[in-house]
Amino acid sequence: MNRILLFCSLCLTTYLIHAQNYSLPLEGITKVIISAETNIVVQGHTKNTFLLKESDNYKSTNLEKSAGFKSLTSNGHDNTGFGVEVSRNGSLLIVKGLRERRESNLKILLPQELNMSIESLDHNDIFIDNFSSEIEAINDHGETVISNITGPVISENGNGNVTIIFTKLNQSSPSSIVTTNGDIDISISASETATLFSKTPRGDFFTELDLDIISENQSRAKRRTVKGKLNGGGIDITLQNLKGNIYLRKI
Amino acid sequence: MNCKEIEQNLIDIADHNLDNIHNAEVREHLEICDMCRNSVAQYEALFSVIANQKMQVPDKIISENFHKMLEQEKLINLPSGSINRKKTKTLWKPLLKVSSLALLMIFSYLFGAFSNENSLSKKHASNIKNSSDINFISSLMQLENESASSRLQAVNFMEELENPEEEILDALIRKMNNDKHLNIRLAAANALNKFSSNELVKKALILQLEVEENVNMQLELIQILVQIQEKRAIPSIQKLLISEKTPHYVKEQIGTELKYLI
């Protein structure tokens with residue numbers, strides 16, 4: 001009888017551990033800084049919490065055996081049970097993915113208004129969706145897809161495409177998207193106001209928006225630079241691509 | 001001492017009002033925390049500007065009119081011609097209150113102006129062509145902001161200045177060389193392009209090209225240096241052309257640029 005009870009309690013403990021999400025209230029946090037060697041997926045939600053859902057993320061299968069132990073790697077200390085280290089530094093929340101890129105995505109839910117800085121440390125992709133805050137994204141090798149946002153966005157890609165869909169355009173802070181070897185694909189509502197600067201030394205600039213091109217004294221080096229106003233001009237958006245093309249679409 | 005305690009005591013730290021024990025604790029923390037060190041430096045710079053503000057001397061006519069008005073007020077309010085000590089005291093108190101309020105408003109305005117990101121908008125910049133002290137210190141503070149977009153806004157603002165002081169150029173050079181984001185580094189290089197007739201800027205562009213590893217930055221610097229016909233950059237450009245690290249497509253672009261310099 002005792003053995004049956006022990007077995008049942010073990011099963012229950014295992015189930016409870018597996019069913020647990022990692023949630024952290026974000027009072028006093030103004031920015032989240034995330035870095036990982038896996039694909040990073042960040043989605044906005046309406047709660048003021050940092051959330052790692054058990055259903056979305058890889059979780060260690062040895063939790064019952066390691067209960068009460070500290071999980072250590074050379075990169076840091078897994079204090080979430082999801083192979084992620086979370087720590088505070090003043091008003092910043094530092095989130096470090098400790099797993100390697102062959103493993104599943106790191107998916108994080110954050111408040112829609114919280115500023116963030118995301119860095120992919122290996123050949124992986126970054127997906128960010130549903131935010132009205134400032135977004136910084138650095139990706140050396142891989143795709144960066146940022147959708148349903150208002151900006152500002154500061155995005156830098158080495159090798160890989162950048163796709164950004166602005167649902168609305170924040171008019172108080174400028175955006176800048178820079179890539180070395182890939183395409184930049186931006187979608188903006190045709191009714192928005194913006195001042196766009198594009199530079200494509202070895203690529204082309206395509207747009208379906210009606211831009212008023214600002215004619216400046218064009219030196220030879222600036223021939224592949226376009227400055228244009230959308231609906232009379234507004235917040236600055238800089239698009240710079242060394243090798244690929246720039247596409248500016250309307251939504 | 002931790003970051004929160006530093007934040008709560010920023011004004012006392014920057015104003016050197018702490019006792020030796022607390023001061024030692026603060027210095028110990030500042031040695032290991034870049035963010036707090038920057039915050040303290042910004043406040044120290046702010047206090048320095050406030051301390052160095054020149055006293056505004058009113059125009060002679062305004063001064064005379066003010067004194068006339070004051071005499072008239074005295075005649076209206078003091079018909080008896082005699083003031084007892086008690087009455088002086090009651091007049092002094094409201095004056096003190098008003099002065100304190102005015103001082104508080106001035107300080108609030110200054111702090112507000114420095115922390116307001118929107119004050120750095122280009123529209124504003126186009127109206128103010130000279131780097132006044134407040135704009136100057138405000139821009140320098142924004143350049144160290146945690147937000148990359150705010151730093152970009154500060155760089156864009158500085159680019160609009162007509163005759164930036166050396167401190168502004170130094171700050172732009174630091175951003176071009178060291179900012180974490182390539183976007184800000186490129187924007188700073190682009191801003192410096194406007195001031196590339198300055199020898200300090202020329203030297204900074206040449207020196208950075210010698211050590212630059214990012215291909216986007218290499219090309220940006222080369223284009224600026226070719227545009228200003230800076231022949232001192234030729235050895236660095238040629239070095240990149242033969243380097244195995246330089247991608248083929250970048251070499252092609254560099255080769256094209258170099259033709260216009262030799």
Side-chain angles (χ1 to χ4, degrees), chain A residues 28 30-31 33 88-92 115-117 119 133-140 151-159 170-181 195 197 199-203 217-225 233-244, chain B residues 2-7 33-36 39 116-123 142 145-157 159 179-187 190 193 214-220 222-228 247-250 252-254 256-257 259-260:
Chain A
T30 55
K31 186 173 184 178
I33 297 172
R88 276 184 89 128
N89 181 4
S91 62
L92 304 176
N115 297 334
M116 71 191 75
S117 174
E119 186 167 9
S133 54
E134 180 179 341
I135 295 166
E136 297 166 16
I138 299 179
N139 198 350
D140 193 24
V153 177
I154 303 292
S155 169
E156 172 194 338
N157 257 48
N159 290 302
N170 178 320
Q171 290 291 330
S172 61
S173 301
S175 292
S176 166
I177 295 103
V178 175
T179 61
T180 304
N181 194 5
T195 304
F197 305 85
K199 190 171 185 182
T200 50
R202 295 182 70 79
N217 244 345
Q218 291 276 298
S219 62
R220 185 193 53 81
K222 285 189 173 176
R223 274 179 213 150
R224 301 193 74 85
T225 303
I235 195 67
D236 291 347
I237 301 178
T238 306
L239 308 169
Q240 188 160 346
N241 193 347
L242 177 54
K243 200 179 174 210
Chain B
N2 57 34
C3 294
K4 200 174 177 186
E5 287 168 312
I6 297 278
E7 198 182 332
C33 180
D34 286 346
M35 211 167 68
C36 289
S39 301
N116 186 0
E117 289 174 13
N118 295 339
S119 67
L120 289 173
S121 72
K122 282 183 123 180
K123 281 178 190 169
Q142 288 290 348
N145 200 303
E146 170 63 31
S147 150
S149 181
S150 295
R151 299 202 298 279
L152 179 63
Q153 204 163 30
V155 169
N156 290 344
F157 173 83
E159 189 183 353
D179 196 278
K180 182 192 171 190
H181 286 274
L182 173 64
N183 312 57
I184 313 301
R185 297 187 62 212
L186 285 165
N190 208 30
N193 186 15
N214 181 283
V215 290
N216 261 305
M217 275 300 293
Q218 286 169 351
L219 207 56
E220 190 77 26
I222 289 170
Q223 285 183 339
I224 296 169
L225 290 163
V226 170
Q227 191 188 322
I228 60 173
H248 177 67
Y249 63 91
V250 177
E252 269 183 25
Q253 193 69 28
I254 293 174
T256 311
E257 296 293 332
K259 282 180 198 164
Y260 293 92

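These values consider heavy atoms only, across backbone and side chains, with no hydrogens, waters or symmetry-generated copies. The sequence lines fix the lettering, A, B, ..., with proteins before strands; numbering per chain opens at 1.
Residues A:Glu134 and B:Ser149 have side chains that never bring a donor and an acceptor to within less than 3.5 angstrom of each other.
Between the side chain of B:Asn183 and the backbone N or O of A:Ile154 there is no donor-acceptor pair closer than 3.5 Å.
Applying the side chain to side chain donor-acceptor pair (under 3.5 Å) criterion to B:Asn214, with sequence neighbours excluded, gives no partner residue. Scored by the side chain to side chain donor-acceptor pair (under 3.5 Å) test, A:Asn115 finds no partners at all (sequence neighbours excluded).
The shortest distance between side-chain heavy atoms of A:Asn181 and B:Tyr249 falls below 4.5 Å. Counting only heavy atoms from C-beta outward, the side chains of A:Leu92 and B:Glu146 approach each other to under 4.5 Å. The shortest distance between side-chain heavy atoms of B:Gln223 and A:Lys199 falls below 4.5 Å.
In this structure, CG on B:Leu152 lies 6.0 Å from OG1 on A:Thr238, to the nearest 0.5 angstrom. The line from CZ of B:Arg151 to OG of A:Ser173 is 12.5 Å long, rounded to the nearest 0.5 Å. Remark: B:Gln153 CD to A:Ile235 CD1 distance equals 6.0 Å, nearest 0.5 Å. Within the model, atoms CD of A:Gln240 and CG of B:Asn216 stand 6.0 Å from one another, a figure rounded to the nearest 0.5 Å.
For B:Leu219, the part sitting under 4.5 Å from any heavy atom of chain A is the side chain, from C-beta outward, and nothing else. Residue contact with chain B, scored on non-hydrogen atoms closer than 4.5 Å, involves the side chain of A:Ile33 exclusively. Contacts between A:Thr30 and chain B at a heavy-atom distance below 4.5 Å are absent for every atom of the residue. Only the side chain of A:Ser117 comes within contact range of chain B, with at least one heavy atom under 4.5 Å from a heavy atom of that chain. Neither the backbone nor the side chain of A:Gln171 comes within contact range of chain B; no heavy atoms are under 4.5 Å apart. For A:Ser175, the part lying near chain B is the backbone, with the side chain staying farther off; criterion is any non-hydrogen pair under 4.5 Å.
Note: A:Ser155 leads A:Ser91, A:Ser155, A:Gly151 in heavy-atom pairs under 4.5 Å with chain B.
A salt bridge links A:Arg202 to B:Glu252: one of the charged nitrogens lies within less than 4.0 Å of a carboxylate oxygen.
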>> Under the criterion side-chain contact (heavy atoms from CB on, under 4.5 Å), I'd like the reasoning laid out for A:Glu119 against B:Lys180: C-alpha separation, chi angles, the key distance, then a yes or no.
In response: CA-CA 11 Å; A:Glu119 186 167 9; B:Lys180 182 192 171 190; 4.2 Å; yes

